[in-house]
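Heavy atoms only: backbone and side chains are in, while hydrogens, waters and symmetry mates are out. The structure displayed is predicted, hence computed values, not measured ones. All ligand and atom numbering here is 1-based and tracks the order in the structure.
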Amino acid sequence: YLANSTSKLPNVSYHYNPQVSQYHFGPHHPMKPFRLMLTDHLVISYKLYEQMDLYTPRRATKEELLEFHAEDYIDFLQTITPEKTLKMSDQKLAQFNIGDDCPVFDGIYDYSSIYAGASLDALRKLISGMSDIAINWSGGLHHAKKFEPSGFCYVNDIVLSIINLLRVHPRVMYIDIDLHHGDGVQEAFYLTDRVMTVSFHKYNGEFFPGTGSVDETGLGKGKNYAVNVPLKDGIDDDSYIRLFKLIMEPLITKFQPTCIVQQCGADSLGYDRLGCFNLNIRAHGECVKYIKSFGIPMLVLGGGGYTPRNVSRLWCYETSVLNDVTLDHTIPNYLPTHDWFGPDYSLHPQLDGRIDNKNSKKYLESVKQEVLEQLRYLTY
Ligand code: VJV
Ligand code: CA
Ligand code: ZN
């Protein structure tokens, strides 16, 4: 399809299983699956279902999860319960990285297979050509590893999706605008030149997950096919958008991906409970709009985001951007969850200005230079 041409609008599909929003990580845990219900309710309230194809995907099967994950680990996820956890040795729990970040909660396996199933459903619509853009806001869980969960992520739906896209696509580009480094995805494709992974994230060597310095660039055949853009606290709309476009334009032009997977973690917004960036919803959405403008088939996923009312505002707005529709600033009063958006009921509350921008012009210029230097070594 040709983006931004009047001849043909993209076919967009939306993949959502409402069951996913019913799981609880435990009291006070920052990851709140009900943010997905808030998102879906906004999408319904704005009648975005009139624009796109809606699917209620089935869960991923065990076989599908084993395309990336180890059988030991998936067996563990399938059988573990909060009650059994109490009787297990600390060593066993540590072996599977169970703790405060990744607790064992009721239905942990069902939850994981539901969000992974939605990503797999979405990629199948892309592969069959039924969709040009396929959306799963419940996916994008970029930290999960082959053998263990990490950072609130139990199975890595992104890696599973890319493995399947590689069956038909020669080159897949992964773009991650979550606040955190996309370590699980980077690691899975660190040795290949068929997947270019690009992550923008907060980095100081300490901040979770600790990886993502500009000199992690890939190994072997994969050398230079991992790109990292480490940022400091408080980055604002203009510097982020400018840097994003300056980096992504030459990367896409040079790598020529036949398919793009974009992870749209909402914790890079201002006012996020775990966040430290200063982005407004429009700026985050501009990054999605920009990637869409290349007219390459896209799998669009969620990720982090810990202030649920803003997560849902963002993902509803991005759904509208992907459908080329403009939404009213005032959220329609159609469903009971409307109360979450008061007192302003605005789709675009001002989120910036709370945190000092620690990214100097000079710093951003040097990061851009390093990344563009790396690009010169790409051979095609
Ligand atoms: O920083 C960490 C690891 C610790 C050990 C565990 N404690 C709880 C926190 C510090 C070193 N983990 C990060 C994980 C962030 C995951 C981000 C996931 C995504 O957005 O990229 C994709 C979905 C972290 N930051 C904040 C917390 N954990 C945190 C966890 C809690 C919590 C408060 C903060 C877990 C339980 C409870 N409160 C009750
Ligand atoms: Ca990121
Ligand atoms: Zn995150």
Side-chain angles (χ1 to χ4, degrees), residues 20 23-33 35-36 39 82 93-94 97-105 111-112 115-116 119 136-145 148-159 173-187 196-214 216 226-233 235 240 243-244 247-248 261-277 279 284 287-288 291 300-308 310-311 314-315 367 371:
V20 78
Y23 296 90
H24 297 269
F25 280 57
H28 310 296
H29 195 289
M31 178 54 102
K32 307 215 177 284
R35 69 205 176 117
L36 301 163
T39 305
L93 293 174
N97 197 26
I98 294 300
D100 291 335
D101 275 356
C102 302
V104 170
F105 57 87
Y111 165 76
S112 307
Y115 74 72
S119 288
N136 169 25
W137 296 125
S138 68
L141 298 174
H142 57 181
H143 299 305
K145 305 288 155 53
E148 61 178 30
S150 171
F152 321 159
C153 307
Y154 295 87
V155 300
N156 200 315
D157 62 296
I158 310 170
V159 172
M173 178 176 266
Y174 172 67
I175 306 168
D176 184 317
I177 58 173
D178 189 286
L179 171 73
H180 298 94
H181 178 228
D183 60 344
V185 186
Q186 172 177 296
E187 185 182 299
M196 176 177 277
T197 60
V198 188
S199 177
F200 293 75
H201 46 264
K202 149 116 181 161
Y203 179 80
N204 62 11
E206 241 164 75
F207 190 70
F208 187 87
T211 49
S213 92
V214 73
E216 287 171 25
V227 177
N228 284 295
V229 186
L231 300 167
K232 301 177 194 295
D233 285 8
I235 191 159
Y240 195 94
L243 186 68
F244 184 82
I247 289 177
M248 293 318 303
V261 179
Q262 186 166 16
Q263 194 267 22
C264 301
D267 44 7
S268 40
L269 291 177
Y271 263 95
D272 185 82
R273 175 174 159 196
L274 298 187
C276 52
F277 285 178
L279 301 185
H284 199 286
C287 299
V288 174
I291 298 306
V300 180
L301 305 171
Y306 306 100
T307 303
N310 294 334
V311 176
L314 176 72
W315 290 344
V367 173
V371 170

Heavy-atom nearest neighbour in the protein, as seen from atom 37 (C) of ligand 1, with distance rounded to 0.1 Å: His28 O, 3.7 Å
Check: Tyr203 ring centre within less than 6.0 Å of Phe207 ring centre: no
Atom 30 (C) of ligand 1: the protein heavy-atom neighbour that sits closest, reported with distance to 0.1 Å: Asp101 OD1, 3.3 Å
Ligand 1 contacted by Gly99 (non-hydrogen, < 4.0 Å): no
Phe200 atom O and Asp178 atom O as seen from the Ca ion (ligand 2), angle to 10 degrees: 70°
Considering only N, O or S atoms of Asp176, the one closest to the Ca ion (ligand 2): OD1
Nearest protein heavy atom with distance in Å, relative to atom 35 (C) of ligand 1: Asp100 O, 3.4 Å
Test item: protein heavy atom less than 4.0 Å from atom 10 (C) of ligand 1: no
Partner of Thr211 under side chain to side chain donor-acceptor pair (under 3.5 Å), chosen from Glu216, His201, His181: His181
Backbone or side-chain N or O of Tyr306 under 3.5 Å from ligand 1 N or O: yes
Phe208 and His143, any side-chain heavy atoms less than 4.5 Å apart: yes
Ring centers of Tyr306, Phe152 separated by less than 6.0 Å: yes
His29 N/O to ligand 1 N/O under 3.5 Å: no
His180 backbone or side-chain N/O/S under 2.8 Å from the Zn ion (ligand 3): yes
Degrees at the Ca ion (ligand 2) between the OG atom of Ser199 and the O atom of His180, nearest 10°: 90°
Protein heavy atom under 4.0 Å of atom 22 (C) of ligand 1: yes
Whether Gly265 lies under 4.0 Å from ligand 1, heavy atom: no
Minimum-distance protein heavy atom relative to atom 32 (C) of ligand 1: Pro30 CD, 3.4 Å
Atom 25 (N) of ligand 1 - nearest protein heavy atom and its distance: Leu274 CD1, 4.1 Å
Any N, O or S atom of His142 closer than 3.0 Å to the Ca ion (ligand 2): no
Sub-4.0 Å heavy-atom approach of Phe207 to ligand 1: no
N, O or S from Ser268 under 3.0 Å to the Ca ion (ligand 2): no
Atom 1 (O) of ligand 1: nearest protein contact (heavy atom, Å): Phe208 CB, 3.7 Å
Polar contact flag for Asp178 and ligand 1 (N/O pairs, less than 3.5 Å): yes
Under 4.0 Å to a heavy atom of Pro27 - the qualifying atoms of ligand 1, by number: 39 (C)
Asp176-Gln186 side chain donor-acceptor pair, cut-off 3.5 Å: no
Close N or O approach (Gln263, ligand 1; < 3.5 Å): no
Min side-chain heavy-atom separation Phe277-Asp272 under 4.5 Å: no
